[in-house]
Each structure stands twice: as structure tokens, then as C-alpha cells.
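So the structure is just underneath, and the comments pick up after that.
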Amino acid sequence: MLTEFLDLERWAHWFASLDREFIFLLGLPFVVAIIGLWSAWSEEEESREAQLGEPRPVAEPRAAERRRRVRRRSDVGTVAEHASS
């Protein structure tokens with residue numbers, strides 16, 4: 001019985017006889033579990049970084065956004081002047 005269980009040729013034959021839809025449904029819970037574990041791990045990493053106060057690697061786009069906001073604020077007065085003339 002153990003040799004039948006470990007027979008890779010039989011496993012390959014069984015796997016080849018399955019429908020593609022069934023194989024998809026058979027693997028779907030594993031994919032969902034892996035994505036859930038990855039999501040929990042990444043949230044844990046983010047909270048750990050926030051607690052330690054380490055800089056985030058995405059700080060550069062935030063700095064660029066701040067510069068755009070400052071430019072917009074400084075342009076507000078000049079745009080109004082152009083509109084009134």
C-alpha cells in the first residue's frame with residue numbers, strides 16, 4: 001500500500017485525468033492562503049517600521065508631491081493676477 005502511495009507514475013496519471021476546472025478549484029484555496037499570509041506579513045512589516053520610526057522607501061514620491069503642492073500654492077496668487085488683467 002505504501003508503494004502505491006509513493007508511485008509517482010500513478011500520481012501523474014491521476015493528475016492528468018483531472019479536468020482543468022477541477023485543478024483550478026483544487027489549487028485556489030492554496031493560492032488564497034498564500035496571498036493572505038503575504039498580506040499579513042507585509043502589514044506586520046509596515047507596522048514594525050512605523051513603530052521604529054524608520055524612513056519608508058517610498059519617501060521620494062512624497063517629497064515630489066510636497067514640492068508640487070508648494071508650487072501650486074505659490075501659483076495661486078499669480079494665476080489670480082493674470083485672470084484679473
Side-chain angles (χ1 to χ4, degrees):
M1 183 167 154
L2 184 61
T3 57
E4 291 175 359
F5 182 74
L6 297 176
D7 188 10
L8 293 178
E9 188 175 317
R10 280 192 173 189
W11 280 106
H13 180 67
W14 174 78
F15 196 72
S17 69
L18 297 177
D19 292 335
R20 289 181 182 250
E21 294 86 8
F22 182 71
I23 294 171
F24 173 77
L25 292 175
L26 191 64
L28 189 60
F30 295 101
V31 172
V32 170
I34 290 170
I35 291 172
L37 289 172
W38 171 78
S39 174
W41 175 80
S42 65
E43 287 177 3
E44 184 179 305
E45 284 290 316
E46 288 176 0
S47 67
R48 187 177 303 133
E49 287 175 1
Q51 288 176 352
L52 296 175
E54 294 177 7
R56 297 181 65 160
V58 293
E60 190 60 39
R62 287 184 179 178
E65 180 63 29
R66 276 190 234 123
R67 280 180 280 187
R68 274 189 241 125
R69 287 182 185 165
V70 169
R71 270 189 263 143
R72 287 181 194 151
R73 288 182 194 147
S74 64
D75 289 346
V76 170
T78 58
V79 173
E81 291 171 7
H82 292 295
S84 64
S85 22

To the nearest 0.5 Å, tell me how far [X] [atom1] sits from [Y] [atom2].
X	Y	atom1	atom2	result
W11	L6	CH2	CG	9.5 Å
L37	S42	CG	OG	11.0 Å
L28	F30	CG	CZ	10.5 Å
L18	L25	CG	CG	11.5 Å

Do you reckon V32 sits in the same ILVMFWY cluster as L26, going by side-chain contacts under 4.5 Å, direct or chained? no
Is there a path of hydrophobic side-chain contacts, each under 4.5 Å between heavy atoms of I/L/V/M/F/W/Y residues, joining F15 to F22? yes
Counting only heavy atoms not in E45, do more than 12 fall under 6.0 Å of its CD? yes
Is the count of non-hydrogen atoms from other residues, nucleotides or ligands lying under 6.0 Å from W14 atom CH2 greater than 12? yes
